[in-house]
Each structure stands twice: as C-alpha cells, then as structure tokens.
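Hydrogens, waters and symmetry mates are skipped; everything else that's a heavy atom, side chains included, is used.
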Amino acid sequence: MPEIDLKSLSQAERLLDMAAYLSRVRSASAKDLSERYGVSIATVFRDKNALYDILGIFFVNSRGQHIEVAEEWHFKYIPLLVEQRRAVIRAIEETDDETQKKLLRSIL
C-alpha cells in the first residue's frame, strides 16, 4: 500500500488522521503536528478545537505549544450508530482512492 502524503489531506481527512495519531501517541508538540500535516501552528490549534467540537476529544490543559489527549479518551471507542457504520462501509466500497479507504477504515 502506498504511503499517504499527510500534507495533501483535506481538512476532514487531516482531522481523522490527527485523531487516530493522537490516540496512539497521546501527546505531541504543535510544531511536530504542524510539520507532520504541512499546516501552520495556528491551524493545528484550530484543528484541536475542531476535534473537541466534532469528536468530543478531551485534551489535558497543558501549557505552551504542547497538545495532550486526556488519558481516558481513545479514538477506537467512538460510538457509531448502525446507519453511520453502514454509510462508512458503503463509502469504503464505493471509493477507489486508497487514502480515503484507509482513513475510513480507521473510524470503524
């Protein structure tokens, strides 16, 4: 499977990848995330706010340029309604884009 170019992701794709990544690493500097996704540090913090608003990701109140996911939060435990799961599965089946498939599979 080809490597995904994280710097070319759409905002929605970046948010999904960032959620999965932070679930694994638990904390990262804003600078590292900025470099990982090819966006500004300000965008990283806007994405952090979007992750809270959209996915309910809880972050530890840390100082400075560091982002840390609360210990009790794990990406794999986001509950999806049956219809939402079916929609994701249909989207996986309908797309030929391997990047999209990988990102969609990560939320199931």
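- Distance CD/Gln65 to OG/Ser29: 8.5 Å, rounded to 0.5 Å.
- For Arg46, the salt bridge (Lys or Arg N to Asp or Glu O under 4.0 Å) test picks out no residue, with sequence neighbours left out.
- A distance of 9.5 Å separates CG of Leu33 from NE2 of His66, quoted to the nearest 0.5 Å.
- Counting only heavy atoms from C-beta outward, the side chains of Leu15 and Gln11 approach each other to under 4.5 Å.
- When each of Asp17, Asp47, Asp5 is checked for a salt bridge (Lys or Arg N to Asp or Glu O under 4.0 Å) with Arg36, only Asp17 meets the rule.
- Counting only distance, with no hydrogens or angles, the side chain of Ser34 and the backbone of Val39 share a donor-acceptor pair below 3.5 Å.
- Judged purely by atom type and a 3.5 angstrom limit, Arg26 has no side-chain atom pairing as donor or acceptor with the backbone of Glu68.
- To the nearest 0.5 angstrom, Ile41 atom CD1 is 9.5 Å from Ile67 atom CD1.
- Between the OG atom in Ser27 and the CZ atom in Phe59 there is a gap of 11.5 Å [rounded to 0.5 Å].
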Carefully, step by step, assess Glu35 and Lys31 under the rule salt bridge (charged side-chain N to carboxylate O under 4.0 Å, His left out).
CA-CA 6 Å; Glu35 291 171 359; Lys31 181 179 184 243; 3.4 Å; yes
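- Interatomic distance, CZ of Arg14 versus OG1 of Thr43, reported as 6.5 Å (0.5 Å rounding).
- Annotation: cation-pi geometry not satisfied between Lys7 and Tyr37 (NZ/CZ under 6.0 angstrom from ring centroid, within 45° of ring axis).
- Distance alone, capped at 3.5 Å, is enough to place a donor-acceptor pair between the Glu13 side chain and the Ser10 backbone.
- Looking at heavy atoms from C-beta onward, Val69 lies in side-chain contact with Ile57 at the 4.5 angstrom threshold.
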